[in-house]
Amino acid sequence: MRVRIESEKRYNRSFTPLSKRQKEHPMRSIPKVFALLLVSLAAGGSLPAQAPQKVNPPDERYKVDVLVVVAHPDDEAFFTPYVARAIYDMHKRVAVIFSTLGGSGVNRFTRERGPAMANEREIEARDACAKLNVSNVWFLDGKDTASQNLLDSLSNWGHGANLERLVGLIRLTRPEVIFTHFPGIFIGENHGDHQATGVLVTEAFDLAGDPLVFPSQLAGDTKHYEMYLSNLQPWQAKKIYFGSDAEDSKQFDGSGPAYSVKEISPSQKKPYWRLALDSAMAHRTQFPDDIARLSKMSDAELEKMMNDPNSAWWSEPLTLIFGKSVVNGKPTDDVFAHIDETPEKEGLFHSRDRNDQAPPEPRPRIELGGPWQFYAAFYPAHGLSQLPLAKQPEIAIKNGATLVVPIVVLHDATKTLPITFRVKVPDGWKTSHGEGPFELPAEASTTLPILIETPTLSAAELKKAVVQEVTVRAEAAGQSAGEVKLGVLLRASGLPE
Ligand SMILES: [Zn+2]
């Protein structure tokens with residue numbers, strides 16, 4: 001078998017005419033035609049007049065105005081009131097990408113679990129999108145990861161492979177604007193998969209326009225080996241917007257354009273929330289009880305529910321948090337303002353925030369590590385320094401669970417460092433690891449977790465629970481090495497689904 005393949009290769013290379021293979025595939029005799037043409041030109045002949053051969057443009061069926069990229073089936077609902085407006089009344093084209101199938105969590109409708117439930121959720125996600133006439137729906141290969149740490153999610157997904165796939169889909173769909181999750185930590189659902197999706201999309205926004213990034217996606221039609229090459233073009237989307245699941249959504253007021261969810265769609269004669277709600281009813285494995293209850297409600301009852309801020313599914317108005325843009329305009333401008341202008345800046349390196357004036361920081365000193373350390377570097381690197389962030393680092397966890405406070409110590413790489421940590425916790429909380437003296441190796445930075453056991457609260461206590469403060473202080477050679485504060489809210493459930 002191997003010998004035969006080798007001989008075929010040799011035939012192709014030497015253009016031996018009319019091999020069996022060439023008879024079967026007439027395109028393979030093109031080189032001979034080309035050779036004859038060269039002979040004709042060399043002899044002073046001119047090209048015969050002929051109709052130009054058409055080169056196909058990119059496939060218009062997949063070009064979109066808005067690309068929505070969210071973590072799980074049902075997360076598209078972050079944006080569906082606006083998507084309904086864009087599709088029905090602005091005649092925009094929309095595609096949706098989910099980074100996971102949503103295989104974790106509980107199936108509340110039937111008995112299937114894990115991968116089987118993920119298969120069901122894929123169909124539910126497609127149905128939800130189809131109700132808004134969105135049929136271009138793709139899934140990345142992220143594994144639904146129940147964690148509040150985006151780094152857990154990126155690790156479990158395979159960060160690189162999913163970034164490559166997402167960049168390929170941006171080059172295929174050529175969106176003007178992209179909507180995704182806010183890459184940041186807030187008290188709220190705070191799902192690691194949501195944050196990881198926001199991070200992946202921000203990276204892809206910056207990279208898809210760079211021809212040096214995943215160049216095989218851009219390499220063109222070669223006839224012989226085209227099956228490996230995508231024949232796409234670099235693509236720079238113009239703007240990126242975020243949706244947040246922070247409990248306090250008021251903090252994002254004014255951080256981007258806001259759109260009424262109660263406005264009546266002129267073409268559909270229904271409020272945008274109603275079109276979004278009808279779409280969300282596809283997610284039976286996630287909230288079958290709600291769907292059953294809502295299905296029995298009259299239009300008037302639904303209207304009353306959605307007009308009550310305590311029971312409404314969407315805040316009024318819905319703010320799209322402005323991430324960044326490569327065209328002119330203000331953060332609160334309409335999503336499509338300036339969208340036809342030529343980009344002022346392109347790609348990752350042009351959008352990096354400059355921070356040349358930052359004073360040199362003293363060492364040794366401590367900072368919050370883990371995701372907080374990542375975001376501190378991520379925002380300026382991706383031109384997102386103006387994002388509205390939590391005033392103080394904060395997190396919500398399940399009462400009775402162990403709180404992990406990741407600490408990074410920045411110190412002198414040439415010598416070991418004796419350092420002492422003191423942890424101040426609220427009454428009834430107990431530090432189980434990380435307090436006291438440590439000797440750190442000679443390296444520029446060392447990470448250490450502080451572990452704190454939180455109390456189990458009664459239902460009444462949970463209702464009254466407010467954000468509490470944990471403080472970690474460090475001392476080296478009798479001098480302060482700084483302190484780190486984290487606001488912590490204890491609640492009934494911790495890990496996101
Ligand atoms: Zn989600």
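Note that ligands are numbered from 1 as they come in the structure, with each ligand's atoms numbered from 1 the same way. Just so you know, these numbers come straight off a predicted model, no measurement behind them.
Asp152 and Ser147 share a side-chain donor-acceptor pair at under 3.5 Å.
Here the side chain of Ser295 pairs a donor or acceptor atom with the backbone of Ile291 at under 3.5 angstrom.
Nearest N, O or S atom of His194 to the Zn ion (ligand 1): atom NE2.
Contact annotation: His72 places an N, O or S atom under 2.8 Å from the Zn ion (ligand 1). Residue contacts to the Zn ion (ligand 1): Asp75 brings an N, O or S atom closer than 2.8 Å.
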For Gln386 and Tyr379: C-alpha separation, side-chain torsions, deciding distance, then whether side chain to side chain contact (heavy atoms under 4.5 Å, CB included) applies. CA-CA 8 Å; Gln386 87 303 337; Tyr379 296 134; over 6 Å; no
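By the 4.5 Å heavy-atom criterion applied to side chains, Lys239 and Val335 are not counted as neighbours.
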